[in-house]
Amino acid sequence: MFSNGDQIVYGSTGVCRVEAVGVPEHLPASDKETLYYKLAPVYSVGYIYIPVNAPVFMRPVMDREQAERLVKGIPQVKEKDLSQLDNRVLTEKYRSALSHEDPRALVCLIKSVKKKLSDAAKGGHRPAKLDRDYMNRARELLYGELAVSLAIPKETVGSYIRDKLGEELAEEEAE
C-alpha cells in the first residue's frame, strides 16, 4: 500500500503523487468502507480517485539508480518489427506497452516505432498518425518518470539521454 506523498506510476496516466489514502467524503454512502488513493498527476491537473485494491497497475517511481541503469541499457533494448501489422493489432500492442509495468516496454515501443517511421520515410511513405501518436505518448510517460527519478526537468530528459548515449531515443516532437 502506498502512503501520502509517495510518487507512483499509475496505469497509462504516468507519474502521480499520492495526496491521501482514505474514504473520500464525496462518494455515495454505499461505498464508505472502501479505501481510495487520491492521486495528483504530476504533469496534468486534477485528481484521480482509485480504490486501493483496484486492478489497475500501480508501482513506485524508479529511484535514481534504476533510472540511470534504464538509460544506460537503452541500446540493448531490441525493437520489434511492426511493419506488417494491421492497425487493430498495432493499437493493441501499443496500448499494452503503455500500460506495462516495465518501463523498458516504453523504450521498446519508442525504438520500434522510430525504426518503422524511418523505414517508411526511406520508402517515400508518410508516417502514420497512429504510430506517431503512440510513440509520443510513450515518450511522454517514459520521460515523465525519468525526470522525476533523476530530479531534472522533463524537457531536458531527451538531451540527458543523448548526452549519456550519444544518440536520440526519440525526437522531441515526432511529426
Return the minimal non-hydrogen interatomic distance between [X] and [Y], and the atom names on each side.
X      : Y      : result
Glu101 : Phe57  : CG-CD1, 3.2 Å
Leu169 : Ile110 : O-CG2, 3.6 Å
Leu39  : Cys16  : CB-CB, 3.9 Å
Tyr43  : Ala147 : OH-CB, 3.5 Å
Pro41  : Tyr47  : CD-CA, 4.4 Å
Leu109 : Tyr134 : CD2-O, 3.7 Å

So do the side chains of [X] and [Y] get within less than 4.5 Å of each other, counting heavy atoms only?
X      : Y      : answer
Leu106 : Glu145 : no
Tyr37  : Ile8   : no
Asp6   : Met58  : no
Tyr160 : Leu146 : no
Leu35  : Met1   : yes
Val56  : Tyr10  : yes
Val23  : Thr34  : no

Consider only side-chain heavy atoms of I, L, V, M, F, W and Y, link residues closer than 4.5 Å, and tell whether [X] and [Y] are in one cluster.
X      : Y      : result
Val148 : Val107 : no
Val157 : Val61  : no
Ile48  : Phe2   : yes
Ile152 : Val9   : no
Leu90  : Leu98  : yes

Result block: side-chain N/O donor-acceptor pairs under 3.5 angstrom for residues 67-75, not counting sequence neighbours:
unit_1: Glu68; atom_1: OE2; unit_2: Arg64; atom_2: NE; d: 3.1
unit_1: Arg69; atom_1: NH1; unit_2: Glu65; atom_2: OE2; d: 3.0

If we ignore hydrogens and angles and just use 3.5 Å, is the side chain of [X] paired with the main-chain N or O of [Y] as donor and acceptor?
X      : Y     : result
Ser149 : Met62 : yes
Ser96  : Glu92 : no
Lys111 : Val77 : yes
Tyr36  : Pro24 : no
Lys93  : Leu82 : no

As an exercise, state the distance from [atom1] of [X] to [atom2] of [Y], rounded to the nearest 0.5 Å.
X      : Y      : atom1 : atom2 : result
His125 : Asp119 : NE2   : CG    : 10.0 Å
Lys154 : Arg139 : NZ    : CZ    : 8.5 Å
Tyr143 : Glu155 : OH    : CD    : 12.5 Å

Go through the steps to decide whether Lys114 and Glu168 satisfy the test side chain to side chain contact (heavy atoms under 4.5 Å, CB included), and finish with yes or no. CA-CA 10 Å; Lys114 182 179 175 184; Glu168 295 282 335; 4.0 Å; yes
Do Arg137 and Asp133 meet the salt-bridge criterion of a basic N to acidic O distance under 4.0 Å? no
